[in-house]
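Data block below; observations after.
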2 protein chains.
Amino acid sequence: MNLKELATKLGLSPTTVSRALNGYPEVNAETRERVMAAAHRYNYAPNTRAIRLATGRALAVGHVIPIMTKHEIVNPVFADFIGETYSRQGYDMLLSVVPDDDEDRTYRVLKSRGSVDGVIVHAPRLNDPRIALLTEIGLPFVVHGRATGTTIPYSWLDVNNRRAFLRATEFLLDLGHTRIGLINGLEFMDFAIRRRNGYLEALAARAIAPDARLMFSDEMTEAAGFHAASTMIALPDPPTAFLVASMISGMGVRRAVEAAGRVVGRDISIIIHDDDLSYLPNGTDVPIFTATRSSVREAGRMVAEMLLDLISTPTPAPRERLLEAELIIGQSTGPAPRAVQ
Amino acid sequence: MNLKELATKLGLSPTTVSRALNGYPEVNAETRERVMAAAHRYNYAPNTRAIRLATGRALAVGHVIPIMTKHEIVNPVFADFIGETYSRQGYDMLLSVVPDDDEDRTYRVLKSRGSVDGVIVHAPRLNDPRIALLTEIGLPFVVHGRATGTTIPYSWLDVNNRRAFLRATEFLLDLGHTRIGLINGLEFMDFAIRRRNGYLEALAARAIAPDARLMFSDEMTEAAGFHAASTMIALPDPPTAFLVASMISGMGVRRAVEAAGRVVGRDISIIIHDDDLSYLPNGTDVPIFTATRSSVREAGRMVAEMLLDLISTPTPAPRERLLEAELIIGQSTGPAPRAVQ
DNA sequence: AATCACTCCCAAACCGCTTTGGATTTCCCA
DNA sequence: TGGGAAATCCAAAGCGGTTTGGGAGTGATT
């Protein structure tokens with residue numbers, strides 16, 4: 001059943017039926033009722049392909065998931081990212097996974113084929129070239145995160161990663177820890193840079209000199225967390241606490257602590273960053289790890305709304321939004337052990 | 001730059017240009033060259049919206065990620081699922097996350113609006129109603145997994161979960177373990193049912209009676225794994241080995257073992273199922289966990305190909321494909337301890 | 001009664017491509 | 001040398017909606 005058939009059945013022109021269904025004012029209320037009823041009765045659903053062509057809009061937003069050619073790891077956070085925000089407004093969500101050396105082409109094609117009305121930029125890096133590119137080709141976008149080093153204005157939503165790790169470090173310092181290991185994500189990722197800055201800032205505020213041997217940067221996997229923590233624990237002057245970039249790394253860190261015969265939360269404290277992913281909950285009742293927490297799900301909803309807003313506004317001014325992370329106390333932290341101190 | 005403009009610039013009709021670009025035979029080789037060159041030079045990319053409308057194809061496949069209203073957990077495996085299979089053939093990948101009580105409508109709308117040419121069915125359940133629905137509305141689909149209880153023929157690709165867990169159980173039995181705890185996923189999920197069957201079959205073959213207290217079924221989270229393992233370890237006659245549904249649950253199980261002051265691989269063995277997700281590698285050089293392994297990435301690629309094949313074939317016969325899991329020996333298993341035996 | 005402003009509806013153009021049904025030219029062979 | 005096949009190309013008709021530019025009817029205003 002298409003528009004024309006429905007119109008014929010109603011004895012109306014396609015024009016009127018289209019207007020009736022789309023809420024235009026120049027149609028009699030009574031007629032509109034009739035049309036609506038018939039549409040419902042015949043189970044009429046407009047063909048999206050036709051709408052897209054006629055309106056020149058794609059009614060879709062793209063999520064381009066970069067995959068680092070060097071580190072073949074897919075960032076899975078977007079799995080929780082997809083809400084009903086899009087579908088509620090009639091938008092589709094398009095996914096493409098692209099090697100980072102081919103991003104340029106991907107975005108250009110997305111634009112010139114008219115596949116999407118806008119994109120979400122995931123996993124921004126230091127001086128991320130995508131921001132200039134997208135601005136240049138005129139494809140609306142919102143960055144989930146920020147890109148240090150970029151000068152052009154752009155829309156973004158980010159967690160205050162610096163302050164989150166600043167607070168976490170302060171919390172550990174307050175507990176008496178002075179040797180705190182940082183097990184960070186890859187430090188060409190923007191969030192990782194900011195987290196390190198927060199960590200360093202907190203140390204500096206207490207006049208504690210940073211120790212390069214206590215700062216690791218790697219993929220956020222269990223094995224990498226294990227390796228980093230094991231290495232640091234083996235130092236002559238090992239840390240009494242770890243600040244860890246993710247839930248999964250944190251599990252590796254815990255394994256390292258236990259493998260060394262130490263007890264988490266008593267001998268060695270751990271704070272992780274928790275994205276509050278649905279499939280990776282930090283405990284059910286009481287948190288397993290003390291954590292800086294910020295819901296990716298929430299952020300995803302907001303970013304999606306920002307983008308749709310940007311797309312529908314004729315002259316979009318960049319929108320910016322900084323979320324604060326909570327500091328959640330769990331079972332993995334405690335006062336610095338006397339003996340070590 | 002669109003087709004018409006390009007045609008004008010070349011002094012040709014849109015018809016010819018279209019045919020030249022799409023490889024139709026009724027165009028002079030020389031002309032084709034010229035057209036190709038010009039298309040490249042002017043950076044021409046055909047408007048997908050127009051193609052879709054003209055051809056009546058959506059050039060897109062849908063992935064509907066069910067979200068259980070009772071358990072709000074998004075299955076993140078599809079993150080690794082998305083390959084270049086689609087883009088190579090000019091297809092887009094559409095994602096929708098849908099509460100399971102609204103699936104019916106979602107698929108119907110997908111069909112009637114013509115948003116997709118086919119769908120991948122994720123996370124099939126016992127007697128999954130989606131298979132009958134999709135067959136009825138005539139939307140091509142391939143199931144990633146299988147749905148026990150369904151009688152109509154349909155296309156699927158699955159891992160031999162039964163045999164994987166059968167072999168894993170046998171392996172533990174061979175090591176002398178006789179009390180083996182099963183920490184399974186939710187048992188309305190098809191794969192979980194099959195895994196339990198494999199486990200039971202192996203026990204039966206050695207005339208070991210299953211013990212209900214050694215069989216848990218829950219969400220595959222760290223906390224659930226921890227809880228299940230802790231409970232079993234506290235039994236008067238605790239298991240000496242665990243068979244665990246996932247990497248993440250496995251981490252919870254390990255935490256439980258260590259919290260009980262036992263050593264993994266010496267006092268208590270653990271075998272997990274490893275989907276070989278890029279963001280959740282089971283160690284780097286040597287596997288952390290002994291595991292039944294089967295790459296979701298690989299499976300995803302194959303399922304995608306099956307679906308595209310199904311879409312392009314006029315009279316599709318159901319395709320079926322069963323993959324075997326490898327049994328990977330890692331550091332988490334060892335002979336059953338004498339004392340307990 | 002003529003003018004004007006609304007209200008409500010429609011015909012037709014358009015979005016940018018594919019595809020059908022020729023038309024024209026060239027080639028080959030009887 | 002004429003006629004049919006083959007090779008090339010084109011005009012025009014869709015695909016299924018939206019949107020522009022009226023047109024007819026109704027009431028109120030002058």
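We use all heavy atoms of the structure for the numbers below, so side chains are in, but hydrogens, waters and symmetry mates are not. Order of the sequence lines sets the chain letters (A, B, ...), proteins ahead of strands, with each chain counted from 1.
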Open item on the list: What contact category does G114(B) fall into here, base, sugar-phosphate, or nothing, at under 4.0 angstrom with non-hydrogen atoms?
Closed with: nothing
Task: From dT8(D), dG16(D), dT19(D), nucleotide with atom closest to S18(A) side chain - done: dT19(D)
Task: Contact nearer the 5' end of DNA chain C, comparing T31(A) with A50(A) - done: T31(A)
Open item on the list: Strictly below 4.0 Å: does Y24(B) bring a side-chain N or O up to OP1 or OP2 of dT19(C)?
Closed with: yes
TODO: Return the nearest nucleotide to the side chain of T16(B); candidates are dC10(D), dC9(C), dG16(C).
DONE: dC10(D)
Open item on the list: Under 3.5 Å, is there any donor-acceptor pair linking the side chain of R19(B) to the base of dT20(C)?
Closed with: yes
TODO: Establish, with yes or no, whether the OP1 or OP2 oxygen of dC15(D) is under 4.0 angstrom from a side-chain nitrogen or oxygen of N47(A).
DONE: no
Task: Given dC15(D), dC15(C), dC9(D), the nucleotide with the shortest approach to the side chain of L53(B) - done: dC15(D)
Open item on the list: I'd like to know if K111(A) pairs up with D117(A) as an ion pair, taking the criterion as any Lys NZ or Arg NE/NH1/NH2 lying under 4.0 Å from an Asp or Glu carboxylate oxygen.
Closed with: no
- [ ] Could you work out which one of dG16(C), dC17(C), dT18(D) sits closest to the side chain of P46(B)?
- [x] dC17(C)
Open item on the list: dG17(D), OP1 or OP2 - any side-chain N/O from Y44(A) closer than 4.0 Å?
Closed with: yes
Open item on the list: Under the side-chain hydrogen bond (donor to acceptor under 3.5 Å, both in side chains) test against D158(A), which residue among H144(A), R146(A), R321(A) passes?
Closed with: R146(A)
TODO: Please state whether the phosphate of dA7(D), meaning OP1 or OP2, lies under 4.0 angstrom from any side-chain nitrogen or oxygen of N28(B).
DONE: no
- [ ] If the plane angle is over 60° it's perpendicular, under 30° parallel, otherwise tilted; pick one for H63(A) and H122(A).
- [x] tilted
- [ ] Determine whether any donor atom in the side chain of T15(B) lies under 3.5 Å from an acceptor atom in the base of dT19(C), or the reverse, and answer yes or no.
- [x] yes
Open item on the list: Please classify the nucleic acid contact of I51(B) as base, sugar-phosphate, or nothing, using heavy-atom distances under 4.0 Å.
Closed with: sugar-phosphate
TODO: Mind calculating the distance between CG (N22(A)) and P (dT18(D)) to the nearest angstrom?
DONE: 5 Å
- [ ] Round to a whole Å and report the spacing from CG of L21(B) to P of dC17(C).
- [x] 10 Å
- [ ] Ignoring backbone atoms, establish whether S13(B) has a side-chain N or O less than 4.0 Å from OP1 or OP2 of dC10(D).
- [x] yes
TODO: Answer yes if the side chains of T16(A) and S13(A) hold a donor-acceptor pair under 3.5 Å, and no otherwise.
DONE: yes
Task: Y91(A): which of I311(A), L307(A), V116(A) passes side-chain contact (heavy atoms from CB on, under 4.5 Å) - done: I311(A)
